[in-house]
Novice: 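This is the structure I have questions about; it appears just below.
Keep in mind that the numbers below use all heavy atoms, side chains included, and drop hydrogens, waters and symmetry copies. Since the model is a prediction, treat every value here as computed from it, not as a measurement. In each ligand, atom 1 is the first atom listed, and ligand 1 is the first ligand listed.
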Amino acid sequence: MQLSSLLQRFNEPETLKMAKLGRELRAQGIDVIDLSLGEPDFDTPEHIKQSAIKAVNDNWSHYTPVPGFLDLREAVCHKLKRDNNLDYKPENIVVSTGAKQSLANIILAVVDDGEEVVIPTPYWVTYSELVKIARGKVVEIKTDSKDGFKITPAQLEEAITPKTKAFLFSSPCNPSGAVYSKHELEGLVEVFRKYPNIIIISDEIYEYINFAGEHESIAQFADIKDRVVIVNGLSKGFAMTGWRIGYIAADAAIAKACEKLQGQFTSGTCSIAQKAGVAALKEDLRPTFEMVEEFTKRRKRVLELVKEIPGIECSVPDGAFYIFPVVKSYYGKSDGQTTINSSGDFCMYLLNTAHVSSVMGEAFGDPDCVRFSFANSLPKIEEAWKRIKEALAKLK
Ligand code: PLP
């Protein structure tokens with residue numbers, strides 16, 4: 001069958017591929033520990049679940065407005081004021097089926113054929129693929145472990161050309177855990193001031209999972225705020241990945257453009273999940289903070305465990321729930337049967353030998369590294385890293 005050329009332009013998410021391979025091994029009775037997936041291993045907080053149950057009983061069962069219920073968009077504005085001291089109106093908000101759809105909307109809304117989107121590496125797997133779907137061109141800015149995986153203003157300036165349409169980044173970053181301070185953002189903003197046509201897409205979905213202190217949004221810089229698009233959602237901070245609620249906060253014209261696209265793709269997202277979203281954004285944040293406390297303990301422990309393994313160089317993540325160590329010292333080594341030549345080989349070796357799933361750095365634009373999640377219980381983390389250590393010791 002002749003399928004469209006669009007399908008040739010992009011790859012399926014490596015994160016989902018690894019999770020699928022892990023599931024297949026598990027179906028064969030093998031005890032695979034999953035360090036590949038990017039979601040909290042906690043249940044959605046009780047008060048959020050109760051508001052969904054109430055929404056079902058109150059018959060919120062009809063189509064919803066394309067950009068989301070007004071009360072949810074008001075709740076997003078409330079959250080942006082409460083947590084980020086940012087003023088937005090409901091007309092600036094578009095709620096989508098996950099932040100992934102928010103990102104798809106915004107990229108399709110702003111990027112034309114051949115236009116460039118500057119993305120620091122490592123980046124979330126989906127960014128580059130969405131740009132390719134939009135027929136744009138990804139311009140990578142390389143960072144590495146020694147710089148804490150952050151770009152400098154000079155690197156940003158160097159990457160900008162007359163074709164640059166947008167800059168896209170996440171802070172806290174998936175996969176590196178890098179978090180930009182206000183001072184570091186200020187440095188980038190000074191460059192953006194010279195290029196008034198560049199749209200800045202700021203993915204803040206890991207906002208609450210921050211071990212370094214305050215979350216800083218680049219939209220706080222008032223003179224560029226109208227061209228910043230904040231992307232956020234409930235998946236990570238409220239353990240609501242399956243509910244599929246993401247949103248943007250943007251200039252009203254950009255929001256309208258996203259609404260137009262979404263009106264043809266999906267319409268408004270699930271009515272019940274939206275009602276639950278109001279509770280998440282307006283009520284008690286304690287369950288979120290308790291979850292972050294647990295991530296803090298796991299982060300400490302995983303950093304101790306990884307230090308015990310020779311040849312792995314790991315920077316300390318300031319946010320999100322991943323470590324992204326450099327593993328390239330293992331390239332060229334073999335256990336007598338399998339030779340490791342890339343981060344993909346490294347992950348497959350760990351999956352087959354240690355029965356631990358992880359995600360190759362190539363998928364995030366950094367072939368020297370591998371992403372390991374710590375969104376798993378402490379006993380599972382202990383066991384996974386014991387197995388990883390033993391498997392890597394066999395490589396000579
Ligand atoms: N942005 C980043 C950096 C992510 O890691 C993810 C999920 O893994 C998303 C966006 C999308 O989140 P969702 O579609 O679940 O809201």
Novice: Between the main-chain N or O of Cys347 and the side-chain N or O of Asp345, is there a donor-acceptor pair closer than 3.5 Å?
Specialist: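 Checking the backbone N and O of Cys347 against the side chain of Asp345, no donor-acceptor pair under 3.5 Å is found.
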
Novice: Check ligand 1 for close polar pairs with the protein: N or O on both sides, less than 3.5 Å.
Specialist:
unit_1: ligand 1; atom_1: 1 (N); unit_2: Asp203; atom_2: OD2; d: 2.6
unit_1: ligand 1; atom_1: 5 (O); unit_2: Asn174; atom_2: ND2; d: 2.7
unit_1: ligand 1; atom_1: 5 (O); unit_2: Tyr206; atom_2: OH; d: 3.0
unit_1: ligand 1; atom_1: 8 (O); unit_2: Lys236; atom_2: NZ; d: 2.6
unit_1: ligand 1; atom_1: 14 (O); unit_2: Ala99; atom_2: N; d: 3.2
unit_1: ligand 1; atom_1: 14 (O); unit_2: Lys100; atom_2: N; d: 3.0
unit_1: ligand 1; atom_1: 14 (O); unit_2: Arg244; atom_2: NH1; d: 3.4
unit_1: ligand 1; atom_1: 14 (O); unit_2: Arg244; atom_2: NH2; d: 2.8
unit_1: ligand 1; atom_1: 15 (O); unit_2: Ser235; atom_2: OG; d: 2.7
unit_1: ligand 1; atom_1: 15 (O); unit_2: Arg244; atom_2: NH1; d: 2.8
unit_1: ligand 1; atom_1: 16 (O); unit_2: Ala99; atom_2: N; d: 2.6
unit_1: ligand 1; atom_1: 16 (O); unit_2: Ser235; atom_2: OG; d: 3.2

Novice: Which residues pass the ring pair (Phe, Tyr, Trp, His ring centres under 6.0 Å) test with Phe192, sequence neighbours left out?
Specialist: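 Residues passing ring pair (Phe, Tyr, Trp, His ring centres under 6.0 Å) with Phe192: Phe167.
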
Novice: With sequence neighbours excluded, what pairs up with Glu313 under the salt bridge (Lys or Arg N to Asp or Glu O under 4.0 Å) test?
Specialist: none

Novice: Does any part of the side chain of Met348, heavy atoms only, come nearer than 4.5 Å to the side chain of Leu21, both counted from C-beta?
Specialist: yes

Novice: Just checking, any donor-acceptor pair under 3.5 angstrom between side chains of Ser170 and Glu204?
Specialist: no

Novice: With sequence neighbours left out, which residue pairs that include part of residues 230-239 fulfil the side chain to side chain donor-acceptor pair (under 3.5 Å) condition?
Specialist: Tyr206-Lys236, Glu207-Asn232

